[in-house]
Amino acid sequence: MRFMMLMLPGGYENAPPGEVPDAASVARMMEYNEALQRAGVLLAADGLHPPSVGARVSFRGGKPKVTDGPFAEVKEVLGGYWMIDVKSREEAIEWAKRCPGSENEVIEIRQVQEMSDFPEDVRAAAAGFEAMQNRGR
Amino acid sequence: MSVAETHRAIEAVWRIEAPKLIAGLARMLRDVGLAEELAQDALVTALERWPQSGIPDRPAAWLMTAAKNRALDRIRHRKLADEKHVEIGRDLDEEQEAAVAAIDEGLDDDVGDDLLRLIFTACHPVLSTDARVALTLRMVGGLATDEIARAFLVPEPTVAQRIVRAKRTLAEAGVPFELPRGPERVARLTSVLEVIYLIFNEGYAATSGSDWMRPELAHEALRVGRVLARLAPQEPEVHGLVALMEIQASRTAARIDAAGEPILLLDQNRARWDQLLIRRGLMSLALAEQLGGGFGPYALQAAIAACHARARLPGDTDWRRIAGLYDALAEVTPSPIVELNRAVAHAMAFGPQAGLAIVEPLREEPLLKSYHLLPAVRGDFLEKLGRGQEAAAEFERAAALTRNERERAIMLRRARTTTGG
């Protein structure tokens, strides 16, 4: 099963544009990524630019509305993610525990939904959507 | 944390640590079987103690220490006086601290080499194929005996016995815990790749309805393949195999219908192909090719799979390239099945006559005598060439040979419509 390990660095909601982690913490993370890779569980990983250069699109009232970052009201923001393929939720947790995270960092673990997790009607709807995508190509 | 929760957490630690633990112990004890046994003992101890004491901060180090203490106990208990064993006992004391630190970091290069040694040992040619598969899953995959048994639909004692016998065979043959070098390395690596791909196919062929543990085998093989690619990054065929497995696995969600029946590649909903795995597969394939391994059997099969993966629609498929890749594959690993696939690729690229020319000699092939796809394919070519009566006879032959009811029905229908038309 696939899990996303979502890195939530405290304070990143206020990070200025262009802020990047320092060399030492990048080196520590690379070592961790290497361990994940050596274990054959890492599928993908990326770091994200701070929300100050991002944008939010909301849909209140059925109309898309764009707000440029930073987002004053948001407390926790994503700094990056790992996508891992493991046998159990516990294994995902065990890997997260091994991350060389710092004081202000939190990792949230979320399982990736698969088609087999959905009831029949949702699956049928998804199948229709896929067929439509195929026709569009 | 409840006992059950703790047990699941311990299993997770075990899955991550077992291969490194067994590999590290095997280097010290120079005995893979004993190393595996002691590692298992350490696991049992953890299962007894951790529910009360809580999971230690450094579980890997804890397991390693426990396993080594067991090793020392055993050696002392047996009171083996011969110098070799005494020496091992002393080595254990001395190496303990250093090794614990190394294992704990889990990033030490030696651990990597030990792990590679472990994989080579588990797939040693003195062992039967069944034994290699069981040992690899158990020692490299960290799977429990009952999980392996469920995955292969055999009773648990059968697997347990297989593992015991395999360990004995390794000991009796005096298989050293070493990395094979030179020409031997090539042969040994071939065996390793075969075992991994066999495990993959066992899981990939298992479609629906059965125990979830069977499809899990494909995941497991893919994971071991990825591990191997990091341990032996200079071996092109390792990347070739990983590429092949990644791309094949990318079709998992698209390859069976709601009734659990397989869907042919060209009929699959390509929107359900997993683009993440495809991307990984293409990257591994590029690595294999960069290392000069583009003509290895796995790399060639991966390249064929990649042609399909790159085609957004079935009609976009580069059949000429696929035909060329099958030509190369037929030279590297000639077999009637490759030849039959080559015929299909040539028919798609150059027309049914080209396919028929390749298929004709296969009719004399004893291995394909009762293989339903031969008449099915030949019938298809004949039908396209307007030779309806001959085609109908082939479809009827295919219907008589297949064991799949649905396939039989399709073949019989084609036999009728072909004659009629």
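Within every chain, numbering begins at 1; the chains are lettered A, B, ... in the order of the sequence lines, protein sequences first and strands thereafter. Values below: every heavy atom of this structure, side chains too, minus hydrogens, waters and symmetry copies.
A heavy-atom distance below 4.5 Å is not found between the side chains of B/Ile16 and A/Val41. Within the 4.5 Å cutoff, no side-chain heavy atoms of B/Asp57 are placed close to those of A/Lys97. For the pair B/Ile10/A/Glu94, no side-chain contact is recorded, criterion being any heavy-atom separation below 4.5 Å from C-beta on.
With rounding to the nearest 0.5 Å, the separation of CZ in B/Arg230 from CD in A/Gln37 is 3.5 Å. Rounding to the nearest 0.5 angstrom, the gap separating the CD1 atom in A/Ile93 from the CZ atom in B/Arg8 is 9.5 Å. Note that the CG atom of A/Leu42 and the CZ atom of B/Arg280 stand 6.5 Å from one another [nearest 0.5 Å].
Of all non-hydrogen atoms in A/Ala44 and B/Leu276, the two that sit nearest each other are CB-CD1, 4.0 Å.
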Query raised in the report: Can A/Glu114 and B/Thr252 be said to form a side chain to side chain contact (heavy atoms under 4.5 Å, CB included), step by step?
Result: CA-CA 12 Å; A/Glu114 284 172 32; B/Thr252 302; over 6 Å; no
Query raised in the report: How far apart are the C-alpha atoms of B/Arg15 and A/Glu90, what are their side-chain angles, what is the distance that settles it, and do they pass the salt bridge (Lys or Arg N to Asp or Glu O under 4.0 Å) test?
Result: CA-CA 10 Å; B/Arg15 183 167 160 79; A/Glu90 287 77 13; over 6 Å; no
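Crowding of A/His49 atom NE2: a count of heavy atoms from other residues, nucleotides or ligands under 6.0 Å not exceeding 12.
Judged purely by atom type and a 3.5 angstrom limit, B/Arg223 uses its side chain to pair as donor or acceptor with the backbone of A/Ala39.
Salt-bridge annotation for A/Arg98 and B/Glu17: present, with a side-chain N of the basic residue lying under 4.0 Å from a carboxylate O of the acidic one. A salt bridge does not link B/Glu220 to A/Lys87: none of the charged side-chain nitrogens sits closer than 4.0 Å to a carboxylate oxygen. Electrostatic pairing of A/Arg2 and B/Asp274 counts as a salt bridge here, judged by a charged N lying under 4.0 Å from a carboxylate O.
Note: A/Glu91 leads A/Met83, A/Arg89, A/Glu91 in heavy-atom pairs under 4.5 Å with chain B.
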